[in-house]
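A short worksheet on the structure shown next.
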Amino acid sequence: MFSVKSGIMNMTEGNYKKQILMFALPLMLSNLFQQLYNAADSIIVGNFLGKEALAAVSSSGNLTWMLTSFLIGLASGAGIVISRYFGAKDNENLSLAIHTTVFLGVIMGIVLTFAGVVFSPAIVVAMGTDASVIPESVKYFRVYFAGGIFIALYNTCNGILNALGDSKRPLYYLIISSVLNIFIDIIFVGVFHLGVDSAALATVISNAFSVFLCFRHLMKKGTIYQVFLSKIRFNKIILRQISVYGVPTGIQNSVIGLANVIAQSHINSFGADTMAGYGVYSKVEGFAFLPITCFAMALATYVGQNIGAGNLERAREGSRFGIILSLVLSESIGVLFLFFSDEMIGLFTQDAEVIKYGVLQSRIVCLFFFGLAFSHLVAGVCRGAGKAIVPMFVMLFIWCFVRIVYIIIVTHIKHDVVFVYWAYPLTWCISSIIYLLYYLKSDLWGKKQKLS
């Protein structure tokens with residue numbers, strides 16, 4: 001059932017295929033606009049400020065993910081708790097969960113702002129960043145993380161709305177902020193040539209506006225999810241529940257982020273051209289990630305709501321549908337990447353060496369997107385089913401320990417960036433095999449589950 005006025009969707013009854021698609025498609029469009037305005041930073045900077053500035057902006061993904069990933073994990077845990085209470089129609093605990101989540105977002109935002117501003121310079125140097133890129137990178141990251149409170153609150157609000165089955169309003173807000181970000185980028189960088197830090201400032205301003213729009217909706221009177229400023233505080237029981245689901249995911253995300261930063265530090269050792277090519281490819285790969293992230297989020301919400309309502313068989317059938325559809329979509333995008341890598345990478349820069357490294361990585365990994373998709377989709381199902389510990393251990397061991405050990409060994413044997421690129425498809429496939437065995441052998445749907 002879908003409420004047009006509130007935007008929330010009850011996914012515990014009705015046509016589950018239609019509901020998953022109705023929830024996932026706005027998420028996909030949201031992620032598309034997220035990628036577009038992330039890419040816009042790199043395209044505008046690369047074409048107006050040069051290769052060093054492009055490397056500074058394009059390589060931002062791994063560092064920003066490492067510093068924000070624990071927050072995103074906690075938000076996903078909060079989303080599971082909220083979706084369970086929403087599915088169970090427990091409005092009192094639903095309100096407590098929402099207000100606890102908002103307070104948690106405020107605290108994490110303060111921590112993120114402090115950590116990002118203070119430690120970004122040290123992390124940039126520790127990553128082995130090329131000396132020619134370090135000044136621009138530090139300027140970009142410090143301004144970006146000065147707006148850390150807005151990053152935290154946007155992810156918090158987005159998680160609340162998604163848990164309620166509302167994936168449309170986050171889409172609308174993201175479209176508005178994306179257009180605003182691109183407009184400010186063009187003015188600051190393209191017209192006034194203010195420098196790479198102005199691109200970060202454009203992102204901060206657009207994030208702040210998104211937060212304003214989210215809270216304006218969440219504070220609407222008369223809704224079951226209404227946020228009251230006077231009620232924004234911790235509830236110990238709810239916080240414990242959020243921790244049970246969110247902390248494992250946060251730890252998983254943080255360590256994966258650290259592993260990717262270590263991987264990038266090895267890539268940085270090959271120079272600014274390779275660094276810029278890797279960063280540009282990461283922006284392009286984000287588009288392949290669209291069906292993966294949107295269906296993983298959709299299935300976490302869908303499974304959470306249905307388990308909260310006791311609809312275990314419905315949860316199983318819907319998860320199988322979402323996994324298969326995401327696999328088909330992600331691998332189809334991989335085939336497109338195989339044939340059009342030159343054109344996509346070429347949008348960001350005209351430098352032949354940067355294009356060469358970006359295209360090389362794209363053609364190595366693009367046909368393995370099925371492994372990336374399957375791992376994330378099963379992890380999303382596990383989180384929705386209350387099994388957050390399982391994906392944490394799989395990801396920590398395969399995507400972190402195995403990936404880092406592999407990179408260290410192969411680069412010691414032969415200092416060739418191609419071997420670093422292969423670390424990703426290899427670990428995606430290994431984790432997918434483990435997830436497949438777990439999904440087939442485990443009893444995710446065997447009994448009605450309660451919140452801890």
Side-chain angles (χ1 to χ4, degrees), residues 65-66 69-70 72-73 76-77 80 244-260 262-263 285 288-289 291-300 302-304 307 312 315-331 334 364-410 419-446 449:
W65 172 253
M66 186 183 73
S69 54
F70 189 79
I72 294 171
S76 71
I80 297 302
V244 167
Y245 298 109
V247 170
T249 306
I251 293 173
Q252 167 197 312
N253 288 348
S254 297
V255 179
I256 290 175
L258 176 61
N260 286 335
I262 293 172
E285 185 186 70
F289 211 46
I292 298 171
T293 53
C294 74
F295 277 102
M297 293 171 65
L299 290 185
Y302 172 85
V303 171
I307 286 181
L312 304 181
R316 184 188 67 82
E317 292 177 356
S319 67
R320 183 172 56 187
F321 166 75
I323 290 171
I324 292 172
L325 187 56
S326 179
L327 286 173
V328 172
L329 290 173
S330 58
E331 196 63 12
I364 286 174
V365 306
C366 65
L367 294 183
F368 294 91
F369 286 155
F370 69 89
L372 180 65
F374 190 78
S375 292
H376 274 282
L377 267 293
V378 177
V381 171
C382 289
R383 283 191 288 270
K387 307 290 186 180
I389 295 293
V390 174
M392 181 188 77
F393 279 117
V394 174
M395 297 303 200
L396 289 185
F397 183 70
I398 304 302
W399 287 25
C400 301
F401 178 75
V402 172
R403 183 177 291 174
I404 291 172
V405 169
Y406 164 83
I407 290 174
I408 292 173
I409 292 174
V410 298
F419 295 106
V420 181
Y421 294 157
W422 271 106
Y424 292 93
L426 287 172
T427 49
W428 296 342
C429 291
I430 294 171
S431 64
S432 291
I433 293 171
I434 296 173
Y435 274 126
L436 177 62
L437 294 174
Y438 177 78
Y439 187 78
L440 294 176
K441 299 295 185 180
S442 67
D443 189 22
L444 287 172
W445 327 108
Q449 301 175 38

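With rounding to the nearest 0.5 Å, the separation of CG in Leu372 from OG in Ser431 is 8.5 Å. Taken to the nearest 0.5 Å, the CZ atom of Phe374 stands 5.5 Å off from the CD1 atom of Ile323. Atom CZ of residue Phe397 and atom CD1 of residue Ile430 lie 9.0 Å apart, to the nearest 0.5 angstrom. For the atom pair CG (Leu436) and NZ (Lys441), the distance works out to 10.0 Å, reported to the nearest 0.5 Å. Atom-to-atom distance recorded for Ser326:OG and Phe321:CZ is 11.0 Å, nearest 0.5 angstrom. Interatomic distance, Leu329 CG to Ile324 CD1, rounded to the nearest 0.5 Å: 12.0 Å.
Under the 4.5 Å side-chain criterion, counting only non-hydrogen atoms from C-beta, Trp428 is in contact with Val365. At a threshold of 4.5 Å between non-hydrogen side-chain atoms, the residues Ser375 and Met395 count as touching. Side-chain contact check for Tyr435 versus Pro391: some heavy-atom pair is nearer than 4.5 Å.
Considering every non-hydrogen atom in both Gly318 and Tyr302, the closest pair reads CA-CE2, 3.6 Å. Nearest heavy atom pair, residue Gly384 against residue Ile80, reads CA-CD1, 3.6 Å. The minimum heavy-atom distance linking Ile407 with Ala423 is given by the pair CG1-CB, 3.7 Å. Closest non-hydrogen pair, Ala373 versus Leu327, comes out as CB-CD2, 4.0 Å. When all heavy atoms of Val420 and Ala263 are compared, the pair lying nearest together is CG1-O, 4.2 Å.
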Under the side-chain contact (heavy atoms from CB on, under 4.5 Å) criterion, do Arg316 and Val303 qualify, and how do the steps go? CA-CA 8 Å; Arg316 184 188 67 82; Val303 171; over 6 Å; no
Test side-chain contact (heavy atoms from CB on, under 4.5 Å) applied to Phe295 and His376, step by step: CA-CA 9 Å; Phe295 277 102; His376 274 282; over 6 Å; no
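Aromatic pair Trp422/Phe368: ring centres closer than 6.0 Å.
Inspection of the Ser319 and Tyr439 side chains reveals an N or O donor paired with an N or O acceptor under 3.5 Å.
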